[in-house]
A.B. asks: 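Let me begin by handing over the structure; questions about it come next.
Computed over heavy atoms, backbone and side chain alike; hydrogens, waters and symmetry mates excluded. Quick caveat, the model's predicted, so the values are computed rather than measured. Numbers restart at 1 for each chain; the letters A, B, ... are given by sequence-line order, proteins then strands.
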2 protein chains.
Amino acid sequence: MTRDSLIRALEAAESHCAGRGEKLTPVRRRVLELVLEADAPVKAYDLLEALKPGPGAAKPPTVYRALDFLMAAGLVHKVEALNAFVGCSHAHDDGGAELFICSDCGSVEERHGAPDPVNMPDGFVIERSVVEHFGHCANCRH
Amino acid sequence: MTRDSLIRALEAAESHCAGRGEKLTPVRRRVLELVLEADAPVKAYDLLEALKPGPGAAKPPTVYRALDFLMAAGLVHKVEALNAFVGCSHAHDDGGAELFICSDCGSVEERHGAPDPVNMPDGFVIERSVVEHFGHCANCRH
DNA sequence: TGCGAGTGGTGATATTATAACATCCGTGAT
DNA sequence: ATCACGGATGTTATAATATCACCACTCGCA
Ligand SMILES: [Zn+2]
Ligand SMILES: [Zn+2]
Ligand SMILES: [Zn+2]
Ligand SMILES: [Zn+2]
């Protein structure tokens, strides 16, 4: 992610929150920045480390609270199978993203609009779906 | 799961392992039994508790090693979003199961054969997919 | 001025998972 | 029989992930 597109993404996030009547506070903004800067899913405790040198040494609850907020706002997704977090450039409120994660380089691509499952149990109503595909991206194929 | 079907499942697991040249040892068998008995995804440390009264008080590595074995054998799946484990009645080696988990009663239904994603990034090759749907089963719908 | 909601700081703790090394046990070669 | 080996398990400690409980600050507003 280039410096310019990072700045644009942060501005977009700012107005996205404003539109929801919520505030992208300095801590939240800094965490989002760190997640967007990374070129792979980021661990919560890596964020913690990265925040240490800052104005206040962050403790775990600070980071997790920021991540919770950003996830609720649709600005960050959790990769459940990795216990790690990725930035989202789409800012969609529904958590229904489909992630393609390269096991070699860590790059993550996000897609949307997957059709409903074909073999759903009778009468089941889906509220939230976790879909994570692991494999090799075009750059890393042997 | 009834007593009878539990016994059948354990026997099937036994021969499934034998066919792979592997052994369903007492610890592994006991862990599988506990996972199959449960009517919801089970946490590793709940298994640990359940094994305490047994012949030897189990320690974490014992449980995680048994779970690793059972997952590799396709007898147990991990629900990544819950850090919990469910038994599998299909004993398929590929980990590609699609899970439907009821957030009310905890019941889990497993399906297979989901079609490849429609919007896959160009050139991406999938090795392993995590697909977990959370919602409400037919019994728990309001 | 005096709330009250939202936010973040802080210390402690809970939960989930693995590393590192020792021991035991069955199997097959010598 | 005995030895060597690999697979499985036991044991101790620790790493990695996440939450609780409580307090302090701030801002908008009655
Ligand atoms: Zn997204
Ligand atoms: Zn790659
Ligand atoms: Zn299965
Ligand atoms: Zn249900």
A.B. asks: Give one of base, sugar-phosphate or nothing for B:K23, where a contact means two heavy atoms less than 4.0 Å apart.
C.D. replies: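 B:K23: no heavy atom of the nucleic acid under 4.0 Å.
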
A.B. asks: Between D:dC20, D:dT9, C:dG8, which one does the side chain of B:V27 approach most closely?
C.D. replies: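 Closest of the options to the side chain of B:V27: D:dT9.
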
A.B. asks: Please give, in whole Å, the distance from C:dA17 C1' to B:L48 CG?
C.D. replies: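 In whole Å, C:dA17 C1' lies 12 Å from B:L48 CG.
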
A.B. asks: May I ask you to say whether A:E14 pairs ionically with A:R29, meaning some side-chain N is under 4.0 Å from a carboxylate O?
C.D. replies: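 Between A:R29 and A:E14 there is a salt bridge, with a charged N closer than 4.0 Å to a carboxylate O.
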
A.B. asks: Applying a strict under-4.5 Å side-chain criterion to I, L, V, M, F, W and Y, I'd like to know whether B:L82 and B:Y64 cluster together.
C.D. replies: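 Hydrophobic grouping puts B:L82 apart from B:Y64.
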
A.B. asks: I'd like to know if B:E11 pairs up with B:R8 as an ion pair, taking the criterion as any Lys NZ or Arg NE/NH1/NH2 lying under 4.0 Å from an Asp or Glu carboxylate oxygen.
C.D. replies: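 B:R8 and B:E11: not salt-bridged.
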
A.B. asks: Looking at B:E80 and B:R128, is any side-chain nitrogen of the basic one under 4.0 Å from a carboxylate oxygen of the acidic one?
C.D. replies: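 Salt bridge between B:R128 and B:E80, a charged N being under 4.0 Å from a carboxylate O: yes.
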
A.B. asks: Under 4.0 Å: is that the gap between some side-chain N or O of B:R65 and OP1 or OP2 of D:dG7?
C.D. replies: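 Result: no.
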
A.B. asks: Between C1' on D:dT19 and NZ on B:K43, what's the gap in Å once rounded to a whole number?
C.D. replies: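 Value for this atom pair: 13 Å.
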
A.B. asks: Just to confirm, is there a sub-4.0 Å distance from OP1 or OP2 of D:dT9 to any side-chain nitrogen or oxygen of B:T62?
C.D. replies: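 No, outside the criterion.
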
A.B. asks: OP1 or OP2 of C:dT18 versus the side-chain N and O atoms of B:Y64: is any pair under 4.0 Å?
C.D. replies: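 No.
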
A.B. asks: Under 4.0 Å between a side-chain N/O of A:N83 and OP1 or OP2 of D:dA18, yes or no?
C.D. replies: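 For D:dA18, OP1/OP2 do have a side-chain N/O of A:N83 under 4.0 Å.
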
A.B. asks: On the nucleotide D:dT12, are OP1 or OP2 found under 4.0 Å from the side-chain N or O atoms that B:K59 carries?
C.D. replies: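 Yes, such a contact exists.
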
A.B. asks: Stacking check: are the rings of A:Y45 and D:dT17 less than 5.5 Å apart at their centres and under 30 degrees in tilt?
C.D. replies: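 Yes, aromatic ring over the base.
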
A.B. asks: Rounding to an integer number of Å, can you tell me how far B:L67 CG sits from C:dA17 P?
C.D. replies: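 Taking CG of B:L67 and P of C:dA17, I get 9 Å after rounding.
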
